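Predicted, not measured: the structure shown is a model, and the values here were computed from it. Just so you know, residue 1 is the first one in the sequence shown, and it goes up from there.
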Amino acid sequence: MLADSRLQTIIWTSRLPEAEKFYCEVLGLPLKAKSHGALLYSVGGGDLRVSPVPSTQPSAHTVLGFAVSDVRAVVDALAARGVILERFAAFPHDPQRVLTTPDGAQVAWFRDPDGNLLSIVQYA
């Protein structure tokens, strides 16, 4: 029933100006529109809606992921823009803070201004 629909991902922010700067300038996402106070970005044929809320808590788990062709190039670009990659104690990250999964995928995590946990992944 919904398989052919266009996917819209929604993330909450209590820091709209910081979120706009982060998603536009740091991640390089094109701002498509502002709608009812929310920021709407076009990402890979889908939409990312960053919606304002009075308050929010950092996420414990990944809420949004970006599939990329070269995770290490993206890690370097993010680091050059001041993004700090996460390191989780239970995972064997390499010095670039990239985790290689048993099936060969490579993944790294970082947070947006509200503490939403985001990932970048290069599938094997």
Side-chain angles (χ1 to χ4, degrees):
M1 175 172 68
L2 296 175
D4 293 327
S5 63
R6 185 176 169 140
L7 183 63
Q8 181 181 86
T9 303
I10 302 170
I11 290 184
W12 303 111
T13 183
S14 62
R15 303 169 62 186
L16 195 63
E18 293 93 337
E20 183 172 4
K21 183 176 181 179
F22 179 80
Y23 285 96
C24 286
E25 296 176 20
V26 176
L27 300 188
L29 301 181
L31 182 62
K32 182 173 158 178
K34 293 184 179 183
S35 172
H36 303 287
L39 307 169
L40 189 62
Y41 296 93
S42 180
V43 183
D47 292 327
L48 170 61
R49 185 179 185 91
V50 182
S51 295
V53 294
S55 66
T56 186
Q57 297 294 318
S59 60
H61 304 283
T62 307
V63 298
L64 174 68
F66 298 91
V68 299
S69 61
D70 186 345
V71 74
R72 294 185 183 283
V74 175
V75 163
D76 288 344
L78 289 172
R81 294 177 180 189
V83 173
I84 298 170
L85 295 167
E86 294 288 311
R87 184 180 297 274
F88 300 105
F91 293 162
H93 298 275
D94 68 17
Q96 259 188 303
R97 297 189 176 201
V98 173
L99 170 73
T100 300
T101 65
D103 69 355
Q106 295 181 328
V107 62
W109 292 269
F110 59 99
R111 294 189 182 272
D112 75 0
D114 286 279
N116 293 309
L117 187 60
L118 313 179
S119 70
I120 50 174
V121 62
Q122 177 182 336
Y123 293 104

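Using a 4.5 Å heavy-atom threshold, the side chains of Arg97 and Phe88 count as separate. Taking 4.5 Å as the limit, every side-chain heavy atom of Lys21 sits out of range of all side-chain heavy atoms of Val26. Side-chain contact check for Val107 versus Val71: every heavy-atom pair is 4.5 Å or farther apart. A 4.5 Å side-chain heavy-atom check between Asp103 and Tyr123 finds every atom pair outside the cut-off. In this structure the side chain of Val98 reaches within 4.5 angstrom of the side chain of Arg72, judged on heavy atoms. Side-chain atoms of Asp76 and Gln96, non-hydrogen and from C-beta on, do get closer than 4.5 Å to each other. Counting heavy atoms from C-beta outward, Phe66 and Val121 have side chains that stay 4.5 Å or more apart.
Looking at every heavy atom in both residues, Pro52 comes nearest to Ala38 through CD-CA, 3.8 Å. For Gly37 against Leu16, the heavy-atom pair with the smallest separation is O-CD2, 3.3 Å. Summarising the geometry of Trp109 relative to Ser119, their closest heavy-atom pair is CD1-CB, 3.6 Å, with the distance given to 0.1 Å. The shortest non-hydrogen separation linking Ser14 to Pro54 is CB-O, 3.7 Å. Across every non-hydrogen atom of Ser5 and Leu2, the tightest pair is OG-O, 2.6 Å.
Counting non-hydrogen atoms of other residues, nucleotides and ligands closer than 6.0 Å to CH2 of Trp12 gives a total of 12 or fewer. By the 6.0 Å contact criterion, CD on Gln8 is enclosed, its count of non-hydrogen atoms from other residues, nucleotides or ligands being greater than 12. Under a cut-off of 6.0 angstrom, the local environment of NZ in Lys32 is crowded, with over 12 non-hydrogen atoms contributed by other residues, nucleotides or ligands.
By the salt bridge (charged side-chain N to carboxylate O under 4.0 Å, His left out) test, Arg111 is found to be paired with Glu86, residues two or more places apart in sequence or in another chain being considered.
Note: the hydrophobic cluster containing Leu99 does not contain Val83 (ILVMFWY, side chain heavy atoms under 4.5 Å, direct or indirect links). Linking ILVMFWY residues whenever their side-chain heavy atoms come closer than 4.5 Å, directly or via other members, leaves Leu40 and Leu118 in distinct clusters. Under the 4.5 Å side-chain heavy-atom criterion for ILVMFWY residues, a single connected hydrophobic cluster contains both Leu27 and Val74.
Note that CG of Leu64 is 11.5 Å distant from CD1 of Ile120, once rounded to the nearest 0.5 Å.
When atom types are taken as modelled, the side chain of Ser59 and the backbone of Leu117 share a donor-acceptor pair closer than 3.5 angstrom. Remark: side-chain polar atoms of Asp114 are not paired, donor with acceptor, to backbone N or O of Asn116 under 3.5 angstrom. Using modelled atom types, one side-chain atom of Arg6 and one backbone atom of Gly45 make a donor-acceptor pair closer than 3.5 Å. Judged purely by atom type and a 3.5 angstrom limit, Arg49 uses its side chain to pair as donor or acceptor with the backbone of Ser35.
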Is there a side-chain contact (heavy atoms from CB on, under 4.5 Å) between Leu39 and Leu31? Walk through the geometry before answering.
CA-CA 7 Å; Leu39 307 169; Leu31 182 62; 4.0 Å; yes
